[in-house]
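I have placed the structure first, in the form of structure tokens, so that the comments after it can refer back to it.
Each residue takes its place number in the sequence, starting with 1. These figures come from a predicted structure and were not determined experimentally.
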Amino acid sequence: MKEEIVELKEDVSASPLYSSDLAPVPKSKRTWSMWSLAALWVGMAVCIPTYMLAAQFIVNGISWWESLIIIGLANLIITIPMVLSGHAGVKYGIPFPVLGRSSFGVNGIHLPAIIRGLIAAVWFGIQTWIGGDSIYVIWQTIMGNTVDLSELSAGRFIGFTVFWFINLYFIIKGTESIKKLEILAAPILVAMGIGLIWWGSSEVGSFSKVLDSSKQLSVPTLTVSKDNLTISSICDKNSKSKANECQVIYPAKNGKTDTSIWIKMSGNEINLPYSLFANIDVQKITNDKNPVDIQIQLKNGKTRSSVISAHYVQKEKNKTGIWQYLIMLTAMVGFWATMSISIADITRFSKSQKDQKNGQFIGLPGTMILYSFVGVFVTCAATISFGDVLVREDAPWNPADLLAKFDGAYIVIISQLFLLIATLSTNIAANVIAPANAFSNAFPKSISFKMGGVLTAIIGVLIMPWSLINYIVPLLLFVSSLLGPVVAILICDYFVIRKTKLNLASLYKTSGEYSFNRYGFNSTALFSFAIGVVVAGIGNFVPSLSFLYDISWFSGFITSFVLYYFLSKKTKE
């Protein structure tokens with residue numbers, strides 16, 4: 001990429017599309033170095049979802065090293081459009097909504113920008129609720145009270161409010177305060193990851209023994225087959241079953257539910273034929289179209305597992321082989337897909353293309369691999385070490401659950417402070433800058449960056465994250481996966497159609513080059529975006545096309561890129 005920074009020379013400050021917050025950042029005010037951007041990605045990537053990523057792969061039968069390869073490859077892939085999308089930010093000093101005016105039109109850009117902003121605003125509320133819980137846990141620990149996160153309480157809302165105001169402080173202070181936060185947080189978060197690995201290894205006694213134990217997390221606790229039930233328990237570090245009894249709750253022929261006696265387990269796995277259970281309705285259990293769930297519970301002395309449910313599956317419906325890896329790869333690419341759209345919001349403060357390129361490649365893939373490994377390693381160590389974890393469903397997948405199991409007030413307080421820093425650094429960088437610019441772009445003369453940030457914070461409260469946190473995440477991930485077409489259009493327009501050459505002044509003119517017949521909408525971009533979204537998402541509603549949704553980011557990206565390219569060429573002709 002040619003090293004070049006273009007600065008605005010024409011006075012367009014009177015334009016309704018111009019504001020000081022959306023104006024190009026002059027070269028003299030670029031303060032973000034390669035290490036600033038690398039630290040930014042460390043701060044954003046170290047978060048609870050990253051910690052849980054590889055562990056969830058293992059549950060689906062993928063080994064820990066395969067999981068890390070998929071995560072590493074996916075983040076290398078997404079860093080490429082991240083760097084490409086960030087190029088214009090460095091060259092012209094403009095944020096994503098202004099860059100998008102060149103492809104979508106000065107008015108058309110509002111659609112993808114506001115969608116991107118609203119997704120981030122909802123994530124802001126969820127992350128703030130999570131951070132508020134850390135403050136609540138710290139306070140309860142200091143006061144010597146029992147911590148209960150199973151129910152809503154005044155203390156949790158107070159913690160949420162305190163953390164909300166902490167976020168608001170950095171919003172008001174602006175991007176320089178965000179840079180300082182990320183630079184401060186990065187080494188602390190790396191140290192926390194190394195510390196957790198050390199804890200897991202010393203707790204179990206062997207680094208390799210921890211990784212070997214990951215295999216048992218891929219084994220279902222309950223498998224319902226045509227002739228019997230297979231029940232599996234977690235083994236401890238001495239390869240001894242942690243549960244020694246199990247109980248089955250099953251549908252009876254009289255239409256009611258029966259519960260078996262506690263059945264002894266001689267090992268960590270037991271096969272139970274249906275003939276063991278009196279009055280069991282096998283037909284209901286093995287019904288091909290509508291099988292009834294069976295429930296089990298395991299115990300060891302007074303320690304009992306959660307109640308686990310499963311039902312009979314006639315044949316394996318999950319994707320297997322290379323297609324399973326592609327599905328996982330797509331999910332990982334989609335993890336940071338929204339940031340690949342709006343990364344220019346940050347790279348506009350970078351000193352050079354070299355800084356933004358190297359900073360992103362250093363900061364993103366490596367951190368994602370490291371912290372995903374931390375999640376796998378520590379979850380495995382905790383699963384075999386803690387006596388109350390009898391089945392994989394009760395494993396501390398969430399770091400907050402893990403930290404709650406530690407003994408000693410000072411350990412809980414320090415670990416929750418680490419979690420607080422991780423949540424804050426992710427929230428501010430990933431969930432504030434993009435929506436603040438999107439809202440500011442909608443009304444440049446009325447809404448500043450700071451006001452847009454405040455609106456983001458207010459939306460984060462209005463969506464009531466305490467009520468939605470268990471339901472909204474799948475929807476957010478679904479919507480995020482459909483935004484591949486946006487970055488495809490941005491990259492195609494900027495690199496392929498315009499060869500990185502933009503009329504900087506016209507980006508701020510209502511009747512300039514990017515007004516597209518004075519209406520401000522580029523119909524080619526909007527049509528390509530709509531078709532890309534349909535192709536990416538239709539498989540979620542039409543089973544025969546599910547393969548398109550399995551690789552939604554790629555299918556949407558490729559469709560919109562190709563369509564936009566040919567339609568743009570035809571329009572020019």
**Prompt:** So do Thr330 and Ser552 actually touch side chain to side chain, heavy atoms under 4.5 Å?
**Reply:** yes
**Prompt:** Do any N or O atoms from the side chain of Ser340 and from the backbone of Ala337 form a donor-acceptor pair under 3.5 angstrom?
**Reply:** yes
**Item:** Atom CZ of Phe157 with >12 non-hydrogen neighbours under 6.0 angstrom
**Value:** yes
**Asked** Can you tell me how far CH2 of Trp123 sits from SG of Cys47, rounded to the nearest 0.5 angstrom?
**Response** 8.5 Å
**Message:** Ignoring hydrogens and geometry beyond distance, is a side-chain donor-acceptor pair present between Asp550 and Trp323 at under 3.5 Å?
**Reply:** yes
**Asked** Hey, does the side chain of Arg30 reach the backbone of Lys351 with a donor-acceptor pair shorter than 3.5 angstrom?
**Response** no
**Asked** Atom CZ in Phe495, atom NE2 in His87: separation rounded to 0.5 Å?
**Response** 5.0 Å
**Test item: Glu7 side-chain N/O and Lys27 main-chain N/O as donor-acceptor pair under 3.5 Å** = yes
**Item:** Verdict with reasoning, Phe160 to Asp133, per side-chain contact (heavy atoms from CB on, under 4.5 Å)
**Value:** CA-CA 7 Å; Phe160 171 74; Asp133 274 347; over 6 Å; no
**Asked** Distance from Ile458 atom CD1 to Leu168 atom CG, nearest 0.5 Å?
**Response** 8.5 Å
**Item:** salt bridge (charged side-chain N to carboxylate O under 4.0 Å, His left out) pairs, two or more places apart, involving residues 159-173
**Value:** none
**Message:** Check Glu176 with Lys179, please: is the shortest side-chain N to carboxylate O separation under 4.0 Å?
**Reply:** yes
**Message:** Considering only residues two or more places apart or on different chains, which pairs with a residue in residues 432-448 satisfy salt bridge (charged side-chain N to carboxylate O under 4.0 Å, His left out)?
**Reply:** none
**Request:** Give a yes or no on whether the backbone of Ala436 and the side-chain of Ser440 come within a donor-acceptor separation of less than 3.5 Å.
**Result:** no
**Asked** Ignoring hydrogens and geometry, is there a side-chain-to-backbone donor-acceptor pair from Tyr514 to Asn503 under 3.5 Å?
**Response** yes
**Item:** Heavy-atom donor-acceptor pair, Ser15 side chain to Tyr508 backbone, under 3.5 Å
**Value:** yes
**Message:** Phe566: which residues meet the ring-ring contact (aromatic ring centres under 6.0 Å, His included) condition with it, sequence neighbours left out?
**Reply:** none
**Request:** Find the distance between CE (Met328) and CD1 (Ile71) and round it off to the nearest 0.5 Å.
**Result:** 10.0 Å
**Request:** Go through Lys509 and Glu10 one step at a time and tell me if the salt bridge (charged side-chain N to carboxylate O under 4.0 Å, His left out) criterion holds.
**Result:** CA-CA 11 Å; Lys509 294 179 179 179; Glu10 183 179 340; 2.9 Å; yes
**Message:** So, taking the atom named CG in Leu99 and the one named CD1 in Ile94, what distance separates them when rounded to the nearest 0.5 Å?
**Reply:** 5.0 Å
**Request:** Show your reasoning for whether side-chain contact (heavy atoms from CB on, under 4.5 Å) applies to Ile62 and Tyr325.
**Result:** CA-CA 9 Å; Ile62 297 177; Tyr325 293 116; 4.3 Å; yes
**Message:** Please list all pairs meeting salt bridge (charged side-chain N to carboxylate O under 4.0 Å, His left out) that have one or both residues in residues 83-95, counting only residues at least two apart or in different chains.
**Reply:** Glu4-Lys91
For residues 37-45, run the donor-acceptor check on the side chains, cut-off 3.5 Å, and write out each pair with its distance to 0.1 Å, sequence neighbours left out.
unit_1: Trp41; atom_1: NE1; unit_2: Gln360; atom_2: OE1; d: 3.3

**Message:** Testing the 3.5 Å rule here: is there a donor-acceptor pair between the side chains of Asn427 and Thr128?
**Reply:** yes
**Prompt:** Going through the checks in order, is the side-chain contact (heavy atoms from CB on, under 4.5 Å) test met by Thr559 and Tyr564?
**Reply:** CA-CA 8 Å; Thr559 299; Tyr564 184 79; over 6 Å; no
**Request:** List in chain and number order the residues that pass side chain to side chain donor-acceptor pair (under 3.5 Å) with Asp11, two or more places apart in sequence or in another chain; answer none if no residue qualifies.
**Result:** Ser13
**Request:** Give every residue pair that meets the salt bridge (charged side-chain N to carboxylate O under 4.0 Å, His left out) criterion with at least one member in residues 522-534, sequence neighbours excluded.
**Result:** none
**Asked** Taking the side chain as C-beta and beyond, is there a heavy-atom pair between Thr79 and Val83 under 4.5 Å?
**Response** yes
**Message:** Does the plane of the ring in Trp553 sit parallel, tilted or perpendicular to the ring in Phe557? Use 30° and 60° as the thresholds.
**Reply:** parallel
Side-chain donor-acceptor pairs under 3.5 Å in residues 446-457, sequence neighbours left out?
unit_1: Ser448; atom_1: OG; unit_2: Met451; atom_2: N; d: 3.1
unit_1: Lys450; atom_1: NZ; unit_2: Ile172; atom_2: O; d: 3.2
unit_1: Thr456; atom_1: OG1; unit_2: Gly452; atom_2: O; d: 2.9

**Asked** Any donor-acceptor pair under 3.5 Å linking the side chain of Ser546 with the backbone of Pro543?
**Response** yes
**Request:** Return the set of residues passing side chain to side chain donor-acceptor pair (under 3.5 Å) with Asn358 (not counting sequence neighbours), or none when no residue passes.
**Result:** none
**Request:** Compare all side-chain heavy atoms of Val90 with those of Phe349 and state whether any distance is below 4.5 angstrom.
**Result:** no
**Request:** Just jot down the side chain to side chain donor-acceptor pair (under 3.5 Å) partners of Ser33, sequence neighbours excluded, or say none.
**Result:** Ser36
**Asked** Step by step, would you call Ser19 with Leu22 a side-chain contact (heavy atoms from CB on, under 4.5 Å)?
**Response** CA-CA 5 Å; Ser19 74; Leu22 297 175; 3.5 Å; yes
**Request:** Before giving the answer on side-chain hydrogen bond (donor to acceptor under 3.5 Å, both in side chains), spell out for Gln416 and Ser134 the whole-Å C-alpha distance, their side-chain angles and the decisive distance to 0.1 Å.
**Result:** CA-CA 6 Å; Gln416 288 291 342; Ser134 290; 3.0 Å; yes
**Request:** Please report the closest heavy-atom contact between Ile135 and Gly159, naming both atoms and the distance.
**Result:** CD1-O, 3.8 Å
**Item:** Chi angles and distances behind the ring pair (Phe, Tyr, Trp, His ring centres under 6.0 Å) call for Phe163, Trp129
**Value:** CA-CA 8 Å; Phe163 193 59; Trp129 180 253; over 10 Å; no
**Request:** Might you point out which heavy atoms bring Pro365 and Phe361 nearest each other, and give the distance in Å?
**Result:** CD-O, 3.2 Å
Show which side-chain atoms of residues 105-120 pair as donor or acceptor with protein atoms under 3.5 Å away, not counting sequence neighbours.
unit_1: Asn107; atom_1: ND2; unit_2: Tyr519; atom_2: O; d: 3.0
unit_1: His110; atom_1: ND1; unit_2: Asn441; atom_2: ND2; d: 3.4
unit_1: Arg116; atom_1: NE; unit_2: Thr338; atom_2: O; d: 3.0
unit_1: Arg116; atom_1: NE; unit_2: Ser342; atom_2: OG; d: 3.1
unit_1: Arg116; atom_1: NH2; unit_2: Ser342; atom_2: OG; d: 3.2

**Prompt:** Rounded to the nearest 0.5 Å, what separation is found between the CD1 atom of Ile166 and the CD1 atom of Ile171?
**Reply:** 12.0 Å
**Complete:** Taken in chain and number order and not counting sequence neighbours, the residues that satisfy ring-ring contact (aromatic ring centres under 6.0 Å, His included) with Phe124 are none
